[in-house]
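Everything below concerns the one structure shown next.
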Amino acid sequence: MRKIFMLCLAGALALAAASCKEDKKVVTLQTITVSGQMYEVKSAFYTENPAEEGGEAGFMLGLFPTVLTTIPEEEPSFYIGIEISESLCGKTIDLTKPIVKSGTLEPYLGIIASADGTTIEIDNSEGSIDISVQEADSPLTVTSGSLKVTKNGGDFSVKFFVNLSDGRYIATNWKGTAKKVEIPG
């Protein structure tokens, strides 16, 4: 009987040791990337955008690599912002194609990314994709990209990437809670 017990114990120990060797720690980074620079998201803020003149309601989300207690008054040197209408939330959006009006409301999507003093804005609304660099129109195009944003109260999930025709790459992989703020009108 003792021999059977020892064999069972040895088998259990061998199984436990083997399963411990198989354990892999999975770490999900909460990151923003602009032009090759990747940072962990340390602050997130959002504002609600009410519906206006044929448009629809939505929100703006800002992701920052520094710990902030409030949204910065000056434009930070590195961040990603997304402005999106409610009807686009929860959908995977192909960023190479313009968003078109469906029904009576005009959906909108804007992405802004800043790194080292260079700001890139992608405006995908009203049936066209317009890209500006440093607030000047640009001939750049989106060569590939997708975006999916989900929102539940102040909890967000953002997964997006975009490749531009000049080789710049912007991406976000973030899930977390953002602080709601009011922007004075």
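Predicted model, so just to flag it, every value in this text is computed and none were measured.
- Once rounded to the nearest 0.5 Å, the distance linking CG of Leu147 with CG of Asp94 reads 11.0 Å.
- Within the 4.5 Å cutoff, the side chain of Val158 has no heavy atoms near those of the Asn173 side chain.
- In this structure, Ala171 and Ile80 approach most closely via the heavy-atom pair O-CD1, 3.4 Å.
- Ser85 places a side-chain N or O within donor-acceptor distance of the main-chain N or O of Tyr108, the cut-off being under 3.5 Å.
- In this structure, the side chain of Lys97 does not engage the main chain of Ile99 through any donor-acceptor pair within 3.5 Å.
- In this structure, Val181 is a member of the same hydrophobic cluster as Phe64, with clusters built from ILVMFWY side-chain heavy atoms closer than 4.5 Å.
- Ile112 and Ile82 fall into different hydrophobic clusters, where Ile, Leu, Val, Met, Phe, Trp and Tyr are joined by side-chain heavy atoms under 4.5 Å apart, directly or via other members.
- A donor and an acceptor atom, one from each side chain of Thr143 and Asn163, are nowhere located under 3.5 Å apart.
- Between the NZ atom of Lys148 and the NZ atom of Lys91 there is a distance of 11.5 Å, given to the nearest 0.5 Å.
- Shortest non-hydrogen contact noted between Leu61 and Trp174 is CD2-CZ3, 4.2 Å.
- The number of heavy atoms from other shown groups lying within 6.0 Å of CD (Gln134) is above 12.
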Q: Could you go through the side-chain contact (heavy atoms from CB on, under 4.5 Å) check for Thr66 and Tyr79 one step at a time?
A: CA-CA 9 Å; Thr66 51; Tyr79 75 101; over 6 Å; no
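- Residues Leu109 and Leu95 are in side-chain contact: their nearest non-hydrogen atoms beyond the backbone lie under 4.5 Å apart.
- In this structure Asp130 satisfies the salt bridge (Lys or Arg N to Asp or Glu O under 4.0 Å) test with no other residue, sequence neighbours excluded.
- Closest approach of Tyr46 and Ala178 over heavy atoms only: CE2-O, 3.5 Å.
- Taking CG of Asp155 as the reference point, atom OG1 of Thr177 lies at 4.0 Å (rounded to 0.5 Å).
- Taking both residues in full, the closest heavy atoms of Ser128 and Pro98 are given as N-CB, 3.7 Å, listed atom of the first, atom of the second, then distance.
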Q: Check the pair Tyr169, Ser35 against side-chain contact (heavy atoms from CB on, under 4.5 Å), reporting the backbone distance first and the verdict last.
A: CA-CA 5 Å; Tyr169 176 76; Ser35 299; over 6 Å; no
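- The OG atom of Ser157 lies 11.5 Å from the CG atom of Asn152; values are rounded to the nearest 0.5 Å.
- Counting heavy atoms from C-beta outward, Asp116 and Gln37 have side chains that approach closer than 4.5 Å.
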Q: Starting from the C-alpha separation in whole Å, work towards a yes-or-no answer on side-chain contact (heavy atoms from CB on, under 4.5 Å) for Ile71 and Met60.
A: CA-CA 12 Å; Ile71 199 160; Met60 189 174 0; over 6 Å; no
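- For the pair Glu135/Glu121, a side-chain contact is recorded, criterion being any heavy-atom separation below 4.5 Å from C-beta on.
- Taking hydrophobic clusters as Ile, Leu, Val, Met, Phe, Trp and Tyr residues chained together by side-chain heavy-atom distances below 4.5 Å, Phe161 does not share a cluster with Leu140.
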Q: Report the C-alpha separation of Phe45 and Leu68 in whole Å, then their side-chain angles, then the decisive distance to 0.1 Å, and conclude whether the side-chain contact (heavy atoms from CB on, under 4.5 Å) test is met.
A: CA-CA 9 Å; Phe45 299 96; Leu68 301 168; 3.9 Å; yes
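- Annotation: the span from Lys159 atom NZ to Thr172 atom OG1 amounts to 11.0 Å, rounded to 0.5 Å.
- Residue Val34 comes nearest to Ala115 through the heavy atom pair CG1-CB, 3.6 Å, listed as atom of the first residue, atom of the second, then distance.
- We find the CG-CD1 distance between Asn124 and Ile129 to be 4.5 Å, quoted to the nearest 0.5 Å.
- The two residues Gly90 and Thr150 have their closest heavy-atom pair at CA-CG2, 3.9 Å.
- Classification of the Phe78-Tyr39 ring pair by plane angle, with boundaries at 30° and 60°, yields perpendicular.
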